K.L.:
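The structure under discussion is supplied below as structure tokens; questions concerning it will follow.
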Amino acid sequence: MNVIIFGPPGAGKGTQAHNIVKKFNLYQISTGDLLRNEVKNQTTIGKDIENIISKGDFATDEIVNELIKNEIFNPKNKNKLIFDGYPRSLSQAKNLDSLLNKSNQKIDFIFFLNVKKNTIINRIEKRKLLEKRTDDNLTTILKRYDTYMETTKPVLDFYSKKANFYEIDGDAKIDEISRKIEQILSV
Ligand code: AMP
């Protein structure tokens, strides 16, 4: 099966994706991790996007779509994908549909982690201490939230009409959220 975990920054997408990977033997694709890797390795893409990520802006669709394509067409990932942080715009969502079609795959479950803005701020402030990400400061958090609301909200409208869309209370405890997701995936 292929799964999308969707929601604002700090919603817990990475944490939940990580948990599902372990329980259901899937492969997590985090575009944020893929992009941070490019920055860490100082590739051509990495040098271009370093500033963009630090400011809380989005990398271009062109860059992200190319990174995603490699993962989708990798035979070892086929029908084992969890998308974490992708798609983040309507054009990315359409690109994803097209890439999955071309590789004879589809999305089986879409989870939307719905979280209040205050919860996000508290969570990211905590994560900052643990992960030391350059984009985890209050100004950037607020910017990332606004970018999410502007660009990613249309993706939510697009997916929420689908039969395999599940909205989850992302303010709940991590274990509780995991249990709900596992229940749905196990049916
Ligand atoms: P994340 O780890 O998902 O919070 O992503 C961290 C940052 O990477 C985001 O704030 C964006 O700057 C960039 N990023 C991650 N995924 C995408 C995407 N699908 N499209 C554009 N930029 C992205």
Side-chain angles (χ1 to χ4, degrees), residues 2-21 27-72 77 81-100 107 110-115 117 119-159 168 170 174 177:
N2 295 315
V3 178
I4 293 177
I5 302 217
F6 185 70
K13 301 185 291 290
T15 308
Q16 294 303 330
H18 192 70
N19 177 53
I20 304 170
V21 162
Y27 181 79
Q28 178 179 2
I29 299 185
S30 153
T31 38
D33 284 348
L34 291 174
L35 291 167
R36 279 187 288 277
N37 227 14
E38 297 286 325
V39 173
K40 198 172 121 212
N41 295 328
Q42 286 289 293
T43 62
T44 317
I45 292 181
K47 287 179 190 157
D48 278 353
I49 57 173
E50 195 162 7
N51 257 337
I52 296 177
I53 295 186
S54 296
K55 279 194 297 186
D57 289 327
F58 279 0
T60 62
D61 284 348
E62 199 189 0
I63 289 177
V64 182
N65 288 345
E66 189 57 32
L67 293 173
I68 276 286
K69 187 167 139 203
N70 297 336
E71 301 291 340
I72 291 177
N77 301 340
L81 296 163
I82 301 187
F83 295 94
D84 154 17
Y86 185 94
R88 260 175 153 102
S89 67
L90 205 49
S91 90
Q92 289 182 8
K94 292 187 173 158
N95 180 64
L96 178 61
D97 270 0
S98 149
L99 291 175
L100 289 173
I107 292 295
I110 303 160
F111 293 103
F112 169 53
L113 299 180
N114 196 358
V115 187
K117 193 171 180 177
T119 311
I120 292 171
I121 293 171
N122 290 337
R123 281 189 190 161
I124 297 191
E125 288 281 329
K126 275 190 204 145
R127 184 171 74 185
K128 180 169 76 177
L129 303 174
L130 294 172
E131 296 184 16
K132 304 199 168 45
R133 278 173 50 166
T134 54
D135 59 347
D136 279 348
N137 60 71
L138 192 58
T139 318
T140 311
I141 294 165
L142 296 175
K143 165 82 181 158
R144 281 159 66 204
Y145 184 79
D146 291 343
T147 311
Y148 167 83
M149 288 310 261
E150 256 169 57
T151 321
T152 315
K153 192 69 177 25
V155 185
L156 176 60
D157 298 337
F158 175 72
Y159 282 135
I168 308 274
I174 291 177
I177 300 174

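All values reported here derive from a predicted model rather than from experimental measurement. Indexing begins at 1, ligand by ligand and atom by atom, following the structure's order.
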K.L.:
I need the full list of salt bridge (Lys or Arg N to Asp or Glu O under 4.0 Å) pairs touching residues 31-43, with sequence neighbours left out, sorted by first then second residue.
P.N.:
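Matches after skipping sequence neighbours: Asp33-Arg36.
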K.L.:
Under 3.5 Å, is there a donor on one side chain and an acceptor on the other for Thr140 and Asn137?
P.N.:
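A pair is found: one side chain offers a donor N or O, the other an acceptor, under 3.5 Å apart.
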K.L.:
Can Asp136 and Arg127 be counted as an ion pair, charged N to O under 4.0 angstrom?
P.N.:
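So Asp136 pairs with Arg127 through a salt bridge.
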K.L.:
Distance from Ile141 atom CD1 to Asp135 atom CG, nearest 0.5 Å?
P.N.:
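Here the rounded value is 8.5 Å.
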K.L.:
Let me know which protein residues bring a heavy atom to under 4.0 Å of ligand 1; chain then number is fine for ordering.
P.N.:
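Shell around ligand 1 (4.0 Å, heavy atoms): Thr31, Gly32, Leu35, Arg36, Ile53, Asp57, Phe58, Ala59, Val64, Gly85, Tyr86, Arg88, Gln92, Arg133, Asp135, Arg144.
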K.L.:
Could you tell me whether the side chains of Asn65 and Tyr86 share a donor-acceptor contact shorter than 3.5 Å?
P.N.:
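Looking only at side-chain atoms, Tyr86 and Asn65 do form a donor-acceptor pair, the distance falling under 3.5 Å.
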K.L.:
With side chains defined as the heavy atoms from C-beta onward, is the minimum distance between Ile5 and Phe83 less than 4.5 Å?
P.N.:
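Answer no - side chains too far apart.
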